[in-house]
Amino acid sequence: MNIEEIRGRSRVILAIDEEEPRKYWNVLDAVGSSVKAVKLGWMAILSLGSDGVKSLINGHDDKYFIMDAKMADVNFINEKIARRMAGLGFDGIIMHGFIGPSNAPPSVMDVFVLISMTQGPTLYDASLERAMDYTKAIDRRGIVVPGNKPDIIRKAREQFPSDVIISPGIGAQGGSIGCAVKHGADFGIVGRSIYESSDPVESLKRLEREAAESQC
Ligand code: 3DU
């Protein structure tokens, strides 16, 4: 799956960070083909194991899967991790921007570079311009920009006109998907507001509607 195929057609990337393995399958069954992209992270690897994650991805081959590895190691370790994640079926992987181009993995899959976080303060807040400069030197498909900080999304869109911008922090962390899209995000990353909802399908539809309206 190629993210350009879904860019503009769908605005929600479903994040799942559950403890129980069956919940990953349950929420994907519930939302069905309306979700085009899914972000998993270390909770998925810990809960399902790498074989379980591989089966989950194989069982949903209509979706684009991103591994939120938040890689921040040296290059040869990041390369091993990226190759293993590609082997599990992931299409994209997230790395920290502060580690710079010399530590970025080779492009065995799409790389998304995190340039700022939803919660802080972090060093990124003090050095956003530097973080963006480091990121520009990395071979990447897109960037991760906080969905609850519209001004940072706007700055990032100005600096990265063609990157795929994916934005966490929507819903449970206070961000609005409509506002994130209005400021330049391509996708809102949404976890608990969907997988903890009593009606995940309705929550997803509402988020897609808000994204289409793109209002703050
Ligand atoms: O708050 P939610 O349940 O919608 O989950 C947000 C997801 O986005 C979660 O997987 C988390 O690891 C990720 N994320 C952030 O929340 C904040 C960041 O700055 C980067 C990633």
Side-chain angles (χ1 to χ4, degrees), residues 10-20 23-24 26-28 30-31 35 37-48 53 56-57 63-72 81 85 90 92-99 110-128 131-132 134-135 140-153 155-156 160 163-181 183-200 202-204 206-208 210-211:
S10 161
R11 294 288 194 177
V12 174
I13 296 175
L14 171 63
I16 319 175
D17 301 287
E18 289 276 28
E19 299 273 353
E20 284 180 50
K23 290 195 174 169
Y24 289 80
N26 289 353
V27 68
L28 287 181
V31 294
V35 160
V38 179
K39 183 186 81 67
L40 302 177
W42 294 113
M43 279 308 302
I45 305 282
L46 292 168
S47 302
L48 293 161
V53 167
L56 188 77
I57 295 174
K63 303 189 199 314
Y64 182 91
F65 278 87
I66 301 174
M67 173 61 195
D68 190 353
K70 292 198 182 68
M71 286 193 296
I81 293 171
M85 294 303 173
F90 283 104
I93 192 161
I94 295 175
M95 64 173 278
H96 270 292
F98 68 79
I99 65 172
D110 290 345
V111 170
F112 293 87
V113 184
L114 189 149
I115 66 161
S116 174
M117 300 197 72
T118 56
Q119 298 178 2
T122 71
L123 195 52
Y124 284 121
D125 301 314
S127 319
L128 182 64
M132 293 200 287
Y134 273 58
T135 299
R140 62 189 190 280
R141 170 72 56 187
I143 54 178
V144 186
V145 185
N148 58 348
K149 298 181 180 173
D151 289 349
I152 296 186
I153 303 177
K155 279 188 196 150
F160 297 87
D163 275 54
V164 177
I165 296 187
I166 63 177
S167 292
I170 304 297
Q173 294 185 54
S176 140
I177 194 165
C179 199
V181 167
H183 285 76
D186 290 294
F187 295 94
I189 297 173
V190 189
R192 289 164 290 174
S193 298
I194 295 177
Y195 68 73
E196 287 183 354
S197 159
S198 55
D199 190 343
E202 189 42 47
S203 301
L204 177 68
R206 181 179 46 75
L207 285 155
E208 288 287 1
E210 286 174 15

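The basis for the numbers below is simple: all heavy atoms, side chains too, and nothing from hydrogens, waters or symmetry mates. Every number for a ligand or one of its atoms is a count from 1 in the order of the listing.
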Counting only heavy atoms not in Lys63 (residues, nucleotides, ligands), do more than 12 fall under 6.0 Å from its NZ?
yes
Exercise: identify the closest heavy-atom pair between Pro200 and Val31
CB-CG1, 4.2 Å
Quick one: which ligand 1 atoms are inside 4.0 Å of a heavy atom on Asp68?
12 (O), 13 (C), 21 (C)
Would you mind checking if Arg140 and Asp163 are paired as a salt bridge, meaning a charged N to carboxylate O distance below 4.0 Å?
yes
Under a plain distance cut-off of 3.5 Å, with no hydrogens placed, do Asn26 and Tyr195 share a side-chain donor-acceptor pair?
no
Which of the numbered atoms in ligand 1 are under 4.0 angstrom from any heavy atom belonging to Gln173?
1 (O), 6 (C), 15 (C), 16 (O)
Given the rule in the side chain to side chain donor-acceptor pair (under 3.5 Å) test, do Ser47 and Glu19 qualify, once you have shown the distances and angles that lead to the verdict?
CA-CA 6 Å; Ser47 302; Glu19 299 273 353; 4.9 Å; no
Which part of Gln119 is near ligand 1, with near meaning a heavy atom under 4.0 Å away: side chain, backbone, both or neither?
neither
Ignoring hydrogens and geometry, is there a side-chain-to-backbone donor-acceptor pair from Lys149 to Met117 under 3.5 Å?
yes
Exam field: side chain Asp68 to backbone Ile94, donor-acceptor pair closer than 3.5 Å
no
Between Gly191 and ligand 1, is there a nitrogen or oxygen pair with a distance under 3.5 Å?
yes
Interfacing atoms of ligand 1 (cut-off 4.0 Å, heavy-atom, Arg192):
1 (O), 2 (P), 3 (O), 4 (O)
Near Met117 (heavy-atom distance under 4.0 Å), the atoms of ligand 1 are 19 (O)
Below 4.0 Å from any atom of ligand 1, is there a heavy atom belonging to Lys39?
yes
At under 4.0 Å between heavy atoms, is it the side chain or the backbone of Thr118 that contacts ligand 1, or both, or neither?
both
For atom 8 (O) of ligand 1, what is the closest protein heavy atom, and at what distance to 0.1 Å?
Pro168 CB, 3.4 Å
In the protein, what heavy atom is nearest to atom 21 (C) of ligand 1, and what distance, to one decimal place, separates them?
Lys70 NZ, 3.4 Å
Those atoms of ligand 1 less than 4.0 Å from some heavy atom in Asp17
9 (C), 10 (O)
Taking the six-membered ring for Trp, are Phe98 and Tyr124 parallel (under 30°), tilted (30 to 60°) or perpendicular (over 60°)?
tilted
